[in-house]
A.B. asks: 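Before anything else, here's the structure in question.
These numbers come from the heavy atoms of this one structure, side chains and all, not from hydrogens, waters or symmetry mates.
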Amino acid sequence: MDTFTSAMLEESARRFAAGHATGTLRAALVAGSGITLAANGWERAADVPYQDVFPFAIQPLLGHTPTVTLWRKGGDGLLVFNGRFHPYQGYSAYQVAAIPRLAGLLGSPVYIATNASGSIDPHVPAGSLVVIRDHINLQGINPLIGEWGRWREPVFPDMTTAYDPALRSAAMRLAAAAGFEVHEGIYAGVLGPSYETPAEVEMLRRVGGTVVGMSTVQEVIAARHLGMRVLLLSLATNLAAGIAGRPLTHQEVIDAGQAARGRLATLLERLLGEIVAGTV
Ligand code: HPA
């Protein structure tokens, strides 16, 4: 029985806002597996462990403490969530959605997620950045069922433009201007934590997936429900099972995240500049 209620999250947001001068939040960012995000040109104002923010037990994530970093510049603020909650860890859809919901309650108008994924598409090599234009939720859960569905209108949120067209095209344009390739594609969100079988990867390819991963789709549904504009940058860390012809390891996912750090930082720095300037 999941006892994580909307009243509990609202209290968490009140406490965070009372304890930290967030300024005018411009965006919330989430760093996925192996990905580190620093806001170049912003000042690190606070680093708060998740266990001091969220009202449920936080599992250790590969030995490091997940924190939310508040970055400030002038009157503006950014939240960077270092690590996320995954359904495969046993978190409920409500707990998984706590990060975007907290960001939304604190007033962030934009939700930028990053994650790691496996490429299903032979045109998308390992190490590629993929601007996600749509998703397929295959996790069998949804953060809007039950009490949380009645928490806010609309009860049946539209998902036609779940991924903000203006943010997506800005990401494509800024990557091209910075001189590196990005792809555009569809994220198939599965439960995990076992990687897919080759037959499953073939199925995902036939239904139109570009990359496959075990996260983020619940967050996007919750973020859209609160009216935030969403961007998802997925790092295809590996070729999905059966495509590379060899077993997958978590280490290659982590290593690819490190290798893409510079490209992601450049892209996000420029994108945040445009978001703050109000040009995108
Ligand atoms: N499958 C699912 N999730 C992933 C993968 C993958 O191949 N790589 C990174 N996350």
Side-chain angles (χ1 to χ4, degrees), residues 1-4 30-35 50 54 56-62 66 81 83-101 111 113-121 124 126 130 132-149 157 159 162-163 185-225 230 232-244 247-254 256-257:
M1 173 62 181
D2 187 358
T3 53
F4 175 43
V30 184
S33 299
I35 297 171
Y50 280 2
F54 296 105
F56 48 83
I58 308 298
Q59 298 173 32
L61 205 67
L62 290 178
F81 292 89
R84 57 159 49 87
F85 308 118
H86 301 86
Y88 69 71
Q89 292 173 286
Y91 290 114
S92 70
Y94 306 150
Q95 292 169 332
V96 171
I99 288 177
R101 283 173 168 155
Y111 190 73
T114 62
N115 68 20
S117 59
S119 172
I120 303 170
D121 182 336
V124 178
V130 185
I132 298 301
R133 67 178 160 85
D134 207 344
H135 76 222
I136 304 173
N137 176 12
L138 295 167
Q139 295 184 330
I141 51 175
N142 191 297
L144 302 180
I145 60 173
E147 184 221 346
W148 284 94
M159 287 285 143
Y163 297 85
I186 294 183
Y187 180 86
V190 298
L191 186 57
S194 50
Y195 288 116
E196 302 68 44
T197 64
E200 288 164 346
V201 169
E202 173 60 13
M203 175 194 75
L204 295 171
R205 189 188 65 76
R206 290 193 203 188
V207 299
T210 310
V211 292
V212 56
M214 306 170 191
S215 68
T216 319
V217 290
Q218 308 304 319
E219 296 166 30
V220 172
I221 293 167
R224 288 301 299 143
H225 184 228
V230 171
L232 169 52
L233 300 173
S234 189
L235 173 63
T237 53
N238 56 279
L239 298 177
I243 296 185
L248 306 182
T249 66
H250 187 58
Q251 194 55 47
E252 64 187 300
V253 173
I254 300 298

A.B. asks: I need the full list of salt bridge (charged side-chain N to carboxylate O under 4.0 Å, His left out) pairs touching residues 203-212, with sequence neighbours left out, sorted by first then second residue.
C.D. replies: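 Sorted result for residues 203-212: E202-R205, E202-R206.
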A.B. asks: Could I get the full list of side chain to side chain contact (heavy atoms under 4.5 Å, CB included) partners for A222, not counting sequence neighbours?
C.D. replies: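 For A222 the side chain to side chain contact (heavy atoms under 4.5 Å, CB included) partners, ignoring immediate neighbours, are A97, P100, R101, P143.
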A.B. asks: Quick one: list whatever passes ring-ring contact (aromatic ring centres under 6.0 Å, His included) with H86, sequence neighbours left out.
C.D. replies: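 If we apply the ring-ring contact (aromatic ring centres under 6.0 Å, His included) test to H86, skipping adjacent residues, the hits are Y88.
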A.B. asks: Please name all residues satisfying side-chain hydrogen bond (donor to acceptor under 3.5 Å, both in side chains) with S234, sequence neighbours left out, ordered by chain then number.
C.D. replies: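 With neighbours one apart ignored, the set is N115, S117.
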A.B. asks: Which heavy atom of M214 sits nearest to which heavy atom of S194, and what is that distance?
C.D. replies: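 Closest pair (atom of M214, atom of S194, distance): CE-O, 3.7 Å.
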A.B. asks: Tell me, please, which residues at least two apart from Q139 pass side-chain hydrogen bond (donor to acceptor under 3.5 Å, both in side chains).
C.D. replies: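 Residues passing side-chain hydrogen bond (donor to acceptor under 3.5 Å, both in side chains) with Q139: Q218.
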A.B. asks: Could you measure the distance from the CG atom of L144 to the CZ atom of R224? Nearest 0.5 Å is fine.
C.D. replies: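 One gets 12.0 Å once the value is rounded to the nearest 0.5 Å.
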A.B. asks: With rounding to the nearest 0.5 angstrom, report the CD to CD1 distance, E196 to I243.
C.D. replies: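 The CD atom of E196 sits 10.0 Å away from the CD1 atom of I243.
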A.B. asks: Would a distance-only check, ignoring hydrogens and angles, find a side-chain to backbone donor-acceptor pair under 3.5 Å from T237 to A256?
C.D. replies: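 Such a contact is absent between T237 side chain and A256 backbone.
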A.B. asks: Can you give me the closest heavy-atom contact between Y94 and I145, atom names plus distance?
C.D. replies: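 So the two residues come closest at OH-O, 2.8 Å.
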A.B. asks: List in chain and number order the residues that pass ring-ring contact (aromatic ring centres under 6.0 Å, His included) with Y163, two or more places apart in sequence or in another chain; answer none if no residue qualifies.
C.D. replies: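 Result, ring-ring contact (aromatic ring centres under 6.0 Å, His included) vs Y163: H135.
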A.B. asks: One pair to check against side-chain contact (heavy atoms from CB on, under 4.5 Å): V220 and N137. What are the steps and the verdict?
C.D. replies: CA-CA 10 Å; V220 172; N137 176 12; over 6 Å; no
A.B. asks: Specify the closest pair of heavy atoms between I99 and G83, including all atoms of both residues, with the distance to one decimal.
C.D. replies: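 Minimum heavy-atom separation between I99 and G83: CD1-O, 3.7 Å.
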A.B. asks: Rounded to the nearest 0.5 Å, what's the gap from CD1 on I58 to CD on Q95? Could you check?
C.D. replies: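 CD of Q95 is found 8.0 Å from CD1 of I58.
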A.B. asks: I need the L232 CG to Y187 OH distance, nearest 0.5 Å.
C.D. replies: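 Answer for the CG-OH pair, L232 versus Y187, is 7.0 Å.
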A.B. asks: With sequence neighbours excluded, tell me which residues meet side chain to side chain contact (heavy atoms under 4.5 Å, CB included) with R133.
C.D. replies: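 In terms of side chain to side chain contact (heavy atoms under 4.5 Å, CB included), with neighbours along the sequence ignored, R133 is linked to R168, E184, I186.
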A.B. asks: Which is it for F4 and E147 under the side-chain contact (heavy atoms from CB on, under 4.5 Å) test, yes or no, and what are the steps along the way?
C.D. replies: CA-CA 10 Å; F4 175 43; E147 184 221 346; over 6 Å; no
A.B. asks: Mind checking the CD1-CG spacing from I120 to L204? Nearest 0.5 Å is all I need.
C.D. replies: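 Rounded to the nearest 0.5 Å, the CD1-CG separation comes out at 4.5 Å.
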A.B. asks: Can you tell me which residue pairs pass the salt bridge (charged side-chain N to carboxylate O under 4.0 Å, His left out) test with a partner in residues 208-221, sequence neighbours excluded?
C.D. replies: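 Matches after skipping sequence neighbours: R84-E219.
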A.B. asks: For A223 and V230, which heavy atoms make the closest approach, and how far apart are they?
C.D. replies: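 Distance-wise, the nearest heavy atoms are CB-CG2, 3.7 Å.
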A.B. asks: Can you name the closest pair of heavy atoms from T210 and G185 and give their distance?
C.D. replies: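 Between these two residues, the closest heavy atoms are OG1-CA, 3.3 Å.
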A.B. asks: Mind running side-chain contact (heavy atoms from CB on, under 4.5 Å) on Y195 and V201 for me, showing each step along the way?
C.D. replies: CA-CA 10 Å; Y195 288 116; V201 169; over 6 Å; no
A.B. asks: For S119 and V211, work out which heavy atoms get closest and say how close.
C.D. replies: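 In this case the closest contact between S119 and V211 is CA-CG1, 4.1 Å.
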A.B. asks: Not counting sequence neighbours, which residues clear salt bridge (charged side-chain N to carboxylate O under 4.0 Å, His left out) with E252? List them please.
C.D. replies: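 In terms of salt bridge (charged side-chain N to carboxylate O under 4.0 Å, His left out), with neighbours along the sequence ignored, E252 is linked to R246.
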A.B. asks: Can you list the residues that meet the side-chain hydrogen bond (donor to acceptor under 3.5 Å, both in side chains) rule with D134, with sequence neighbours excluded?
C.D. replies: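 Expected list: none.
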A.B. asks: Taking T114 for its side chain and G32 for its backbone only, find out whether a donor-acceptor pair lies under 3.5 Å.
C.D. replies: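 Looks like yes, one N/O pair under 3.5 Å.
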A.B. asks: Among all residues two or more places apart in sequence or in another chain, which pass the ring-ring contact (aromatic ring centres under 6.0 Å, His included) test with F85?
C.D. replies: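 Partners of F85 under the ring-ring contact (aromatic ring centres under 6.0 Å, His included) test: Y50, F54, F56, Y91.
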A.B. asks: What distance do T216 atom OG1 and I221 atom CD1 have between them, rounded to the nearest 0.5 Å?
C.D. replies: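 Here the interatomic distance stands at 11.0 Å.
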